[in-house]
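One-based numbering along the sequence shown. All heavy atoms count here, side chains included; hydrogens, waters and symmetry mates do not.
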Amino acid sequence: MSDENGEFLQLYADQLNFKALLSAGIIIAGLGVLNDVTITQASSVWELRSAAPEMTRREIFSRGMRIGRDHIASTIYTIVFAYAGTALGVLLLLSLYDRPIADVLSSDMLSEEVVRTLASAIGLVASVPITTAIAAATVAPPGAPPAAGKRALRGRGGSDVPPA
């Protein structure tokens with residue numbers, strides 16, 4: 001426990017499993033960004049199908065993965081910068097101590113954030129091919145007409161294409 005909240009929990013909730021609490025915190029911290037990545041990835045695959053109905057599912061998967069690689073890189077950078085921004089004061093203090101990087105990364109103040117970042121990144125990297133594969137497997141086959149329900153959801157006019 002690296003802050004006063006941890007000390008209070010140890011004092012008032014001594015029966016609490018702190019390893020489980022850390023695991024739960026890591027999972028919750030990654031859920032928002034995981035949700036963003038998976039929804040955007042599935043949407044990209046469906047838009048690829050809509051833009052090129054003749055593409056095979058394998059082609060859609062391949063192109064979806066290229067989109068996913070860029071999305072993952074951007075998302076991981078966002079996570080790292082968000083953690084660095086929230087821990088800026090700690091980072092400045094650690095730089096003033098002039099300690100070796102291994103000591104800095106293993107300090108209580110920073111190790112929690114490093115673990116959270118790595119766990120989130122691993123989950124995100126794994127989610128892209130899984131989501132892309134599921135989305136590519138569930139899109140209509142090449143050349144199939146769009147589903148009636150999808151047209152109804154897109155607009156009251158019953159067409160995916162705006163009038164000319």
**Fill in**
Of all heavy-atom pairs linking Ala135 and Ala42, the shortest is CB-CA, 4.0 Å
**Request:** Run through Thr38, Ile72, Thr40 and flag the one making a side-chain contact (heavy atoms from CB on, under 4.5 Å) with Val128.
**Result:** Ile72
**Item:** CD1-OG distance between Ile122 and Ser127, expressed to the nearest 0.5 angstrom
**Value:** 12.0 Å
**Asked** With no hydrogens and no angle check, is any side-chain donor or acceptor of Gln41 less than 3.5 Å from a backbone partner on Gly64?
**Response** yes
**Request:** Let me know which of Met65, Arg57, Arg58, Glu59 forms a side-chain contact (heavy atoms from CB on, under 4.5 Å) with Phe61.
**Result:** Met65
**Prompt:** When Val37 is tested against each of Thr131, Thr75, Ile76 for side-chain contact (heavy atoms from CB on, under 4.5 Å), which residue passes?
**Reply:** Thr75
**Prompt:** Do Arg49 side-chain atoms and Ala140 backbone N/O form a donor-acceptor pair below 3.5 Å?
**Reply:** yes
**For the student: nearest non-hydrogen atoms of Ala126 and Pro129, plus distance** = O-CD, 3.4 Å
**Prompt:** Any sub-3.5 Å donor-acceptor pair from Ser74's side-chain atoms to His71's backbone N or O?
**Reply:** no
**Prompt:** How close do Gly123 and Leu34 get, heavy atom to heavy atom, and via which atoms?
**Reply:** O-CD1, 4.0 Å
**Request:** State, to 0.1 Å, how close Ala136 and Val45 come at their nearest heavy-atom pair, and which atoms those are.
**Result:** N-CG1, 3.7 Å
**Complete:** Taking every heavy atom of Met55 against every heavy atom of Leu48, the minimum-distance pair comes out as CE-O, 3.7 Å
